[in-house]
Chemist: 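This is the structure I have questions about; it appears just below.
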Amino acid sequence: MPELPEVETTRRGLAPLLEGETVTGVVVRQPRLRWPVPGDLAACLQGQTITAVGRRAKYLLVATPVGTLILHLGMSGSLRVLPGGGTQQPPGAHDHVDILLGNGACLRYTDPRRFGSLHWTAEPPEHHWLLARLGPEPFAPGFSGDTLYRQSRGRRTSIKAFIMESRVVVGVGNIYASESLFRAGIHPARAAGRVGRDRYRRLAEAVREVLGEAIAAGGTTLRDFTASDGRPGYFAQTLNVYGRTGEPCPRCGGPIRQQRIAQRSTWYCPGCQR
DNA sequence: CCGACAACCTGTGAGC
DNA sequence: TGCTCACAGGTTGTCG
């Protein structure tokens, strides 16, 4: 999926196209996503005017006066706005949901692997069970090296698994975990509880830098991500270690190593990261 | 409570 | 060319 920068890129692309529009219809072709699409989604959204498109962690929040559509793109999801109610582009096998808008456009949700989800809530979205236990946003004051240090005391899990925990900080997925740890000079397999305060301060800064630069570049293009306007992101060109097995480390020139850590492929420089 | 792992899906690319 | 296998951006739930 889209990691946080891709979701934020999608949000920025969608917001001006959706805000102020009224939902005139909802077509659900495939309700079996990560969680079933609510059967009454059409009834909830019908006739509502979209007031804002927000984001919490990797969830997109489409707000209306009476409730919020909570959308997750999973590993392979994407959203596009199509003109002409989408009739000019007949839905493909993985185009699971269309949300029709008053101006004749169509918000189309596509997700081959179906790890994404759509929820509706009439409550403030932060109260929803999916969002209630999330940790701080990386750019919020609640996220810092000091909080990382405190939370990690006694933790024996790898620091890579630790910074990918959504209760610790949201938005650090598999790509940016490797990239952040490289910038901070920390070995991804090191136990989280055995990293000192100064190194956590560097890590917090690295997370903000990496995510911030990726957002500025419009996200990372890998296999199947494109921004909502169809243009690719350009951050992939600036990845230091992710997917670069055997290539020279940009800092020391030694070969980048790949290792399975926290059940996911992980890349690091054994010379620069301790 | 903690940590490891399975599970949910389809598509793609490598290797034979 | 075609088959099989490993792996892919996420997250919850379960088990020991």
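Quick note on labels: first sequence line is chain A, next is B, and so on, each numbered from 1.
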Chemist: Is it true that the side chains of A:Tyr200 and A:Asp198 contain a donor and an acceptor less than 3.5 Å apart?
Modeler: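 Side chains of A:Tyr200 and A:Asp198: no pair found under 3.5 Å.
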
Chemist: Please list, one pair per line, the donor and acceptor atoms closer than 3.5 Å that link side chains of residues 28-48 of chain A to other protein atoms, with sequence neighbours excluded.
Modeler:
{"unit_1": "A:Arg29", "atom_1": "NH1", "unit_2": "A:Asp95", "atom_2": "O", "d": "2.7"}
{"unit_1": "A:Arg29", "atom_1": "NH2", "unit_2": "A:Asp98", "atom_2": "OD2", "d": "2.5"}
{"unit_1": "A:Gln30", "atom_1": "OE1", "unit_2": "A:Arg32", "atom_2": "N", "d": "2.9"}

Chemist: Considering only atom P, compute the distance from C:dC7 to B:dC5 and round it to an integer number of Å.
Modeler: 15 Å

Chemist: Using whole Å, report how far CG of A:Leu60 lies from C1' of C:dG10.
Modeler: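 Taking CG of A:Leu60 and C1' of C:dG10, I get 14 Å after rounding.
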
Chemist: For residues 144-166 of chain A, which residues have at least one heavy atom under 4.0 Å from DNA chain C?
Modeler: none

Chemist: Side-chain atoms of residues 245-256 of chain A: list all donor-acceptor pairs with protein atoms under 3.5 Å, sequence neighbours left out, distances to 0.1 Å.
Modeler:
{"unit_1": "A:Thr245", "atom_1": "OG1", "unit_2": "A:Gln258", "atom_2": "OE1", "d": "3.1"}
{"unit_1": "A:Thr245", "atom_1": "OG1", "unit_2": "A:Trp267", "atom_2": "NE1", "d": "2.7"}
{"unit_1": "A:Glu247", "atom_1": "OE1", "unit_2": "A:Arg244", "atom_2": "NH1", "d": "3.0"}

Chemist: Using links of under 4.5 Å between side-chain heavy atoms of ILVMFWY residues, direct or through other members, which residues join A:Met164 in one cluster?
Modeler: none

Chemist: For A:Arg133, answer base if it contacts any base atom (sugar-phosphate contacts may also be present), sugar-phosphate if it contacts only those atoms, and nothing otherwise; contact means non-hydrogen atoms under 4.0 Å.
Modeler: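 Here A:Arg133 touches no strand at all.
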
Chemist: Does the side-chain hydrogen bond (donor to acceptor under 3.5 Å, both in side chains) test come out yes or no for A:Thr121 and A:Thr68, once each step is laid out?
Modeler: CA-CA 5 Å; A:Thr121 180; A:Thr68 303; over 6 Å; no

Chemist: Can you run down the side-chain hydrogen bond (donor to acceptor under 3.5 Å, both in side chains) pairs that involve residues 122-136 of chain A, sequence neighbours left out, and say none if there aren't any?
Modeler: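 The answer is none; no pair qualifies.
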
Chemist: Is there any side-chain hydrogen bond (donor to acceptor under 3.5 Å, both in side chains) pair reaching into residues 163-173 of chain A, and which pairs are they, with sequence neighbours excluded?
Modeler: A:Arg155-A:Glu165

Chemist: If you define the side chain from C-beta out and look only at heavy atoms, does anything of A:Leu181 sit under 4.5 Å from A:Val241?
Modeler: no

Chemist: Under a cut-off of 3.5 Å for both distances of each Watson-Crick or G-U pair, what dot-bracket string does DNA chain B give, using [ ] for crossing pairs and | for inter-strand pairs?
Modeler: .|||||||.|||||||

Chemist: Roughly how many Å is it from CD in A:Glu3 to C1' in C:dA8, rounded to a whole number?
Modeler: 12 Å

Chemist: Does a side-chain N or O of A:Tyr242 approach OP1 or OP2 of C:dG9 to a distance below 4.0 Å, or not?
Modeler: yes

Chemist: Using OP1 and OP2 only, check whether a side-chain N or O of A:Ser76 sits under 4.0 Å from B:dG11.
Modeler: no

Chemist: Nearest whole angstrom, please: distance from the P of B:dC2 to the CZ of A:Arg167.
Modeler: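 It works out to 9 Å between those atoms.
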
Chemist: Rounded to the nearest angstrom, tell me the gap between atom CG in A:Leu71 and atom P in C:dT11.
Modeler: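 To the nearest whole Å, that distance equals 14 Å.
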
Chemist: Would you mind reading off the distance between A:Lys58 atom NZ and C:dG9 atom P, rounded to a whole angstrom?
Modeler: 10 Å

Chemist: Are any protein N/O atoms closer than 3.5 Å to N/O atoms in nucleotides 5-9 of chain B? If there are, list each pair with its distance.
Modeler:
{"unit_1": "B:dC5", "atom_1": "OP2", "unit_2": "A:Gln263", "atom_2": "OE1", "d": "3.2"}
{"unit_1": "B:dC9", "atom_1": "OP1", "unit_2": "A:Arg32", "atom_2": "NH2", "d": "3.3"}
{"unit_1": "B:dC9", "atom_1": "O3'", "unit_2": "A:Arg114", "atom_2": "NH2", "d": "3.2"}
{"unit_1": "B:dC9", "atom_1": "O2", "unit_2": "A:Arg113", "atom_2": "NE", "d": "3.0"}

Chemist: If the condition is ring-ring contact (aromatic ring centres under 6.0 Å, His included), which residues does A:Tyr268 pass it with, not counting sequence neighbours?
Modeler: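 ring-ring contact (aromatic ring centres under 6.0 Å, His included) list for A:Tyr268, sorted by chain: A:His187.
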
Chemist: Which whole number of Å gives the distance between the C1' atom of C:dG13 and that of B:dT10?
Modeler: 22 Å

Chemist: To the nearest Å, how far apart are A:Asp95 CG and B:dG11 P?
Modeler: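 Answer to the nearest Å: 12 Å.
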
Chemist: Identify which nucleotide among C:dA8, C:dG9, B:dT10 has an atom closest to any side-chain atom of A:Ser265, counting heavy atoms from C-beta outward.
Modeler: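 My answer, after comparing the listed nucleotides, is C:dA8.
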
Chemist: Mind calculating the distance between NE2 (A:His119) and C1' (C:dT11) to the nearest angstrom?
Modeler: 12 Å

Chemist: Over how many whole Å does the gap from A:Leu134 atom CG to C:dG10 atom C1' extend?
Modeler: 13 Å

Chemist: How would you list, by chain and number, every residue that makes a ring-ring contact (aromatic ring centres under 6.0 Å, His included) with A:Phe115, sequence neighbours excluded?
Modeler: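 For A:Phe115 there are no ring-ring contact (aromatic ring centres under 6.0 Å, His included) partners, ignoring immediate neighbours.
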
Chemist: Does C:dG10 have OP1 or OP2 under 4.0 Å away from a side-chain N or O of A:His72?
Modeler: no

Chemist: When you check the phosphate oxygens OP1 and OP2 of C:dA8, does a side-chain N or O of A:Arg260 lie under 4.0 Å from one of them?
Modeler: yes

Chemist: Not counting sequence neighbours, list each pair that qualifies as a ring pair (Phe, Tyr, Trp, His ring centres under 6.0 Å) and has a residue in residues 146-168 of chain A.
Modeler: none

Chemist: Show every salt bridge (charged side-chain N to carboxylate O under 4.0 Å, His left out) that has at least one partner inside residues 61-70 of chain A, sequence neighbours left out.
Modeler: none

